Amino acid sequence: MHPLDNVIWKALTTRQVEFAESSGEARRFMPEVTALGAFREPTPKGYESLAGLLGERGTVGVFLDEPYQPRAGWEYVAGAPLLRMVCENGAAPATSRLDSEPELIELGDADSPEMIELTALTKPGPFSKRTHQLGTYLGIRQQGKLIAMAGERMKVPGWTEVSAVCTHPEHTGHGYARILMVEVMRRIRGRGETPFLHVREDNVRAIELYHRLGFSQQMRGYFAVLRKGLA
């Protein structure tokens with residue numbers, strides 16, 4: 001069993017238990033933190049427990065090993081094949097920092113509205129008003145406006161996820177994603193941990209960047225947004 005198997009469940013039962021809501025065999029992040037949830041196993045009991053965490057017509061994002069199969073009490077809203085990539089080479093990418101590179105700033109509570117606005121525009125994955133509290137998030141501003149960001153989301157023993165890597169469409173092509181990721185990865189490694197990430201299988205441009213930064217595919221799975229059906 002790989003340390004990242006059932007990673008949402010593992011995060012919510014280990015390093016990020018303080019962000020967890022629990023019901024039987026299921027856990028989810030507090031909704032204001034992120035929309036992700038998980039069960040111990042994808043059994044009828046697991047789905048029943050997950051339903052117990054949701055209000056009427058509530059939604060949750062889950063990671064699955066197999067494509068979602070229709071089941072009573074749930075509606076499939078959206079989803080996609082998902083790759084997990086890991087960077088286990090133990091060294092930062094061979095990149096040199098130029099004097100012309102932008103300043104990286106740590107983002108916090110005051111930046112949350114802009115972070116939500118940027119992620120809503122670029123859609124790197126679920127992002128809520130308290131997602132930034134899961135780890136360090138770094139950003140790049142231009143003329144006071146947040147134009148690019150990346151940070152840390154899920155954490156399990158020995159591993160931290162790089163997440164929310166995004167750049168405003170009017171500011172792409174300047175290498176901002178690489179610059180931000182290199183620094184996020186450097187900080188993760190500085191704690192003796194290994195970086196990993198998730199990416200949609202059809203996001204070819206991002207996958208190419210991740211390969212250049214030293215990531216390799218660890219598994220192929222599926223992301224599904226599910227809505228609790230009417231009782």
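These numbers come from a predicted model, not from an experiment.
- At distances below 3.5 Å, at least one donor-acceptor pair connects side-chain atoms of Ser49 with backbone N or O atoms of Glu25.
- The side-chain heavy atoms of Val199 and Phe215, taken from C-beta on, include no pair separated by under 4.5 Å.
- Formation of a donor-acceptor pair under 3.5 Å by the Lys228 side chain with backbone atoms of Gly58 is not found in this model.
- With Ser128 contributing its side chain and Thr131 its backbone, the two residues share no donor-acceptor pair below 3.5 Å.
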Step-by-step side chain to side chain contact (heavy atoms under 4.5 Å, CB included) determination, Met149 to Leu107
CA-CA 9 Å; Met149 59 180 268; Leu107 303 172; 4.1 Å; yes

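- Taking the six-membered ring for Trp and thresholds of 30 and 60 degrees, Phe223 and Phe63 have ring planes more than 60 degrees apart, a perpendicular arrangement.
- Counting only distance, with no hydrogens or angles, the side chain of Asn6 and the backbone of Glu41 share no donor-acceptor pair below 3.5 Å.
- Taken to the nearest 0.5 Å, the CD1 atom of Ile8 stands 13.5 Å off from the CZ atom of Arg27.
- Between Thr122 and Pro169, the shortest heavy-atom distance links the atoms CG2-CD, 4.1 Å.
- Under the 4.0 Å criterion applied to side-chain N and carboxylate O atoms, Arg57 and Glu75 are assigned as salt-bridge partners.
- Under a 3.5 Å cut-off, the side chain of His174 and the backbone N or O of Tyr176 do not form any donor-acceptor pair.
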Checking Tyr76 against Leu226 for the side chain to side chain contact (heavy atoms under 4.5 Å, CB included) test, could you report, in this order, the C-alpha distance in whole Å, the side-chain angles of both residues, the deciding distance, and whether it holds?
CA-CA 5 Å; Tyr76 177 79; Leu226 305 179; 4.0 Å; yes

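- At a threshold of 4.5 Å between non-hydrogen side-chain atoms, the residues Asp111 and Arg141 count as touching.
- When side chains are defined from C-beta on, Val184 does not count as touching Thr136, because their heavy atoms never get closer than 4.5 Å.
- Salt-bridge annotation for Glu208 and Arg205: absent, with no side-chain N of the basic residue lying under 4.0 Å from a carboxylate O of the acidic one.
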Is there a side-chain hydrogen bond (donor to acceptor under 3.5 Å, both in side chains) between Glu152 and Thr160 once you walk through the steps?
CA-CA 7 Å; Glu152 303 169 352; Thr160 291; 5.4 Å; no

Check the pair Leu134 / Val33 against side chain to side chain contact (heavy atoms under 4.5 Å, CB included), numbers first and verdict last.
CA-CA 8 Å; Leu134 294 173; Val33 175; 3.6 Å; yes

Begin from the C-alpha positions of Arg130 and Asp109 and carry the test side chain to side chain contact (heavy atoms under 4.5 Å, CB included) through to its verdict.
CA-CA 8 Å; Arg130 290 183 56 203; Asp109 291 348; over 6 Å; no

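- Partner Arg84 forms a side chain to side chain donor-acceptor pair (under 3.5 Å) with one of Glu161, His198, Gln217 and no other, that one being His198.
- Between Val86 and Leu4 the shortest side-chain heavy-atom distance falls below 4.5 Å.
- Below 30°, between 30° and 60°, or above 60°: for Phe127 and Tyr137 the angle between ring planes is above 60°, a perpendicular geometry.
- Residues Gly46 and Ala26 approach most closely at O-CB, 4.2 Å, considering heavy atoms.
- Counted within 6.0 Å of CD on Glu66, heavy atoms from surrounding residues, nucleotides or ligands total 12 or fewer; the atom is thus considered open.
- Between the Gln16 side chain and the Lys155 main chain, a donor and an acceptor come within less than 3.5 Å of each other.
- Taking every heavy atom of both residues into account, Pro81 and Arg220 meet most closely at CB-NH2, 3.6 Å.
- With contacts defined as side-chain heavy-atom distances shorter than 4.5 Å, the pair Val60/Leu53 does not qualify.
- By the 4.0 Å N-to-carboxylate-O rule, Lys145 lies too far from Glu117 to be salt-bridged with it.
- The shortest distance between side-chain heavy atoms of His211 and Ile207 falls below 4.5 Å.
- Looking only at distances, a side-chain donor or acceptor of Ser112 sits under 3.5 Å from a matching main-chain atom of Lys129.
- For Pro3 against Val156, the heavy-atom pair with the smallest separation is O-CG2, 4.2 Å.
- In this structure, Arg227 contributes its side chain and Thr59 its backbone to no donor-acceptor pair below 3.5 Å.
- Arg28 has a carboxylate O that lies under 4.0 Å from a charged side-chain N of Glu21, or vice versa, which qualifies the two as a salt bridge.
- Minimum interatomic distance between Gln142 and Ile147 (heavy atoms only, all atoms of both residues): CB-CD1, 3.7 Å.
- Residues Tyr210 and Val162 form no side-chain contact, since every pair of their non-hydrogen atoms from C-beta on lies 4.5 Å or further apart.
- Of all heavy-atom pairs between Gly214 and Cys87, the closest is O-SG, 3.5 Å.
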